Amino acid sequence: MPLSTQSQGEDEQYVLVASLDHARNLSNILKAITFKDHAIFNATPNGLKVTVEDSKCLQANAFIQSKIFQEFTIKEDMVGFQVNLTVLLDCLNIFGGSTTPGVSTALRMCYKGYGYPLTLFLEEGGVVTVCKINTQEPEEPVDFEFCSTNVTNKVILQSESLKEAFSELDMTSEVLQITMSPSQPYFRLSTFGNSGNAHYDYPKDSDMMELFKCTKTQTNRYKMSLLKPSTKALALSCKVSVRTDSRGFLSLQYLVRNDDGQICFVEYYCCPDEDVAED
């Protein structure tokens, strides 16, 4: 087991220890939610939830289940802290994020509790680097009050088809308009950019559509500047769930499979653009 040279006594000081044979599995998923410097980490026995927010309009969450880690030890029901995500990613890639076959960076992430730094032990080719990153008291994430009972429309798509849509739509548009309806056009993405209006329609029986469950016609607009960060998660994902609730709030859930074939989830919540939202 990599980085197993630490003594048992040292381990007992920590309230959280998480080890990975491939640090890249963590850095990739964190890159998918990096659009602000600071992230809130919440660890429970189920795993890690990492939250990044932008001005109470956009929230991204990465869910990394405990079983993805080679070791995941937590001594409290919940351990929370805030950390500079940019610095954390720089540390995780300290060896350059090697993609050479057979060469990987092992990670052991340790936290002693409130007021202590997050300590990373990174090992590649027998060289161990220790990074200590200051932590802050975690802020309370905004509750978007998005719950499945209020979901009016939901589709699950192959990520490839959404990537294709974004490549064809006009990204100079200030907003992305999403229409979801039990009747035609079923699921439509629209932009209003420099080169005019553009639409991208999905038939409900399309091969790219895994699930189509729309109960009422909804048309909402979302600021493109808020949605752009989610394209990082889209690039990594193989499936995406698009949901809207009765208020027009948008949930994008991305299913991401890491290099070892394990599954993580990244979720983005985005509030509708009040000025132009219509029902």
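Residue numbers start at 1 and run along the sequence shown. Note that the structure is predicted; figures quoted are calculated from it, not measured.
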Residue pair [X] / [Y], side-chain donor-acceptor N/O under 3.5 Å:
| X | Y | result |
| --- | --- | --- |
| E137 | Q82 | no |
| T152 | S246 | no |
| T191 | S173 | no |
| S19 | Q70 | no |
| D37 | T86 | yes |
| T219 | Q177 | no |
| Q59 | N61 | yes |
| Y268 | Q253 | no |

For this session: Can you spot which of N28, D260, D259 makes a side chain to side chain contact (heavy atoms under 4.5 Å, CB included) with H22?
Result: D260

Any side-chain heavy-atom pair from [X] and [Y] closer than 4.5 angstrom?
| X | Y | result |
| --- | --- | --- |
| L252 | L227 | yes |
| F166 | T231 | yes |
| M209 | Q158 | no |
| E71 | V17 | yes |
| L30 | L85 | yes |
| S181 | C214 | no |
| E53 | P141 | yes |
| T44 | D77 | no |

Nearest-0.5 Å distance, [atom1] of residue [X] to [atom2] of residue [Y]:
| X | Y | atom1 | atom2 | value |
| --- | --- | --- | --- | --- |
| T51 | I40 | OG1 | CD1 | 5.5 Å |
| L16 | F72 | CG | CZ | 5.5 Å |
| M180 | L189 | CE | CG | 9.5 Å |
| Q262 | K67 | CD | NZ | 8.5 Å |
| M109 | F69 | CE | CZ | 5.0 Å |
| L250 | L176 | CG | CG | 8.5 Å |

Check whether [X] and [Y] end up in the same hydrophobic cluster, where Ile, Leu, Val, Met, Phe, Trp and Tyr are linked by side-chain heavy atoms less than 4.5 Å apart.
| X | Y | answer |
| --- | --- | --- |
| V15 | V50 | yes |
| L255 | M208 | no |
| M224 | I33 | yes |
| Y200 | L162 | yes |
| V242 | V151 | no |

Quick check on [X]: does its [atom1] atom have over 12 non-hydrogen neighbours (other residues, nucleotides or ligands) under 6.0 Å away?
| X | atom1 | result |
| --- | --- | --- |
| K239 | NZ | no |
| K75 | NZ | yes |
| E210 | CD | yes |
| E160 | CD | no |

Exercise. Should the pair R243 and F249 be classed as cation-pi, given the thresholds of under 6.0 Å to the six-membered ring centre and 45° from the axis?
Worked result: no

Donor-acceptor contact present, side-chain [X] to main-chain [Y], <3.5 Å:
| X | Y | value |
| --- | --- | --- |
| Q218 | D245 | yes |
| K232 | T34 | yes |
| N153 | T244 | no |
| D170 | N194 | yes |

Problem set entry | side-chain contact (heavy atoms from CB on, under 4.5 Å) assessment of I29 paired with V256 | CA-CA 8 Å; I29 204 88; V256 178; 3.9 Å; yes

Are [X] and [Y], when compared by the centres of their aromatic rings, separated by less than 6.0 Å?
| X | Y | value |
| --- | --- | --- |
| Y202 | F187 | yes |
| Y269 | F146 | yes |
| Y111 | Y116 | no |

Heavy atoms only: give me the nearest [X]-[Y] pair and the separation to one decimal.
| X | Y | answer |
| --- | --- | --- |
| E124 | S104 | CG-O, 3.7 Å |
| P229 | L58 | CG-CD2, 4.2 Å |
| I263 | Q65 | O-OE1, 3.5 Å |
| N93 | S27 | OD1-OG, 3.8 Å |
| A233 | Y254 | CB-CD1, 3.6 Å |
| S241 | K154 | OG-CE, 3.8 Å |

For this session: Please report the C-alpha distance between R221 and E174 in whole Å, then the side-chain angles of each, then the deciding distance to 0.1 Å, and finally whether the salt bridge (Lys or Arg N to Asp or Glu O under 4.0 Å) criterion is met.
Result: CA-CA 10 Å; R221 291 184 178 185; E174 287 192 6; over 6 Å; no

Exercise. Given K36 and D54, is the salt bridge (Lys or Arg N to Asp or Glu O under 4.0 Å) satisfied, shown in steps?
Worked result: CA-CA 7 Å; K36 287 286 178 183; D54 184 3; 3.7 Å; yes

For this session: Might you work through the side-chain contact (heavy atoms from CB on, under 4.5 Å) test for L88 and L120, ending with a clear yes or no?
Result: CA-CA 9 Å; L88 174 57; L120 308 180; 3.5 Å; yes

Problem set entry | Check against side-chain contact (heavy atoms from CB on, under 4.5 Å), T172 and S195 | CA-CA 8 Å; T172 63; S195 54; 5.6 Å; no

Problem set entry | side-chain contact (heavy atoms from CB on, under 4.5 Å) evaluation trace for Q136 with F81 | CA-CA 6 Å; Q136 294 95 35; F81 54 87; over 6 Å; no

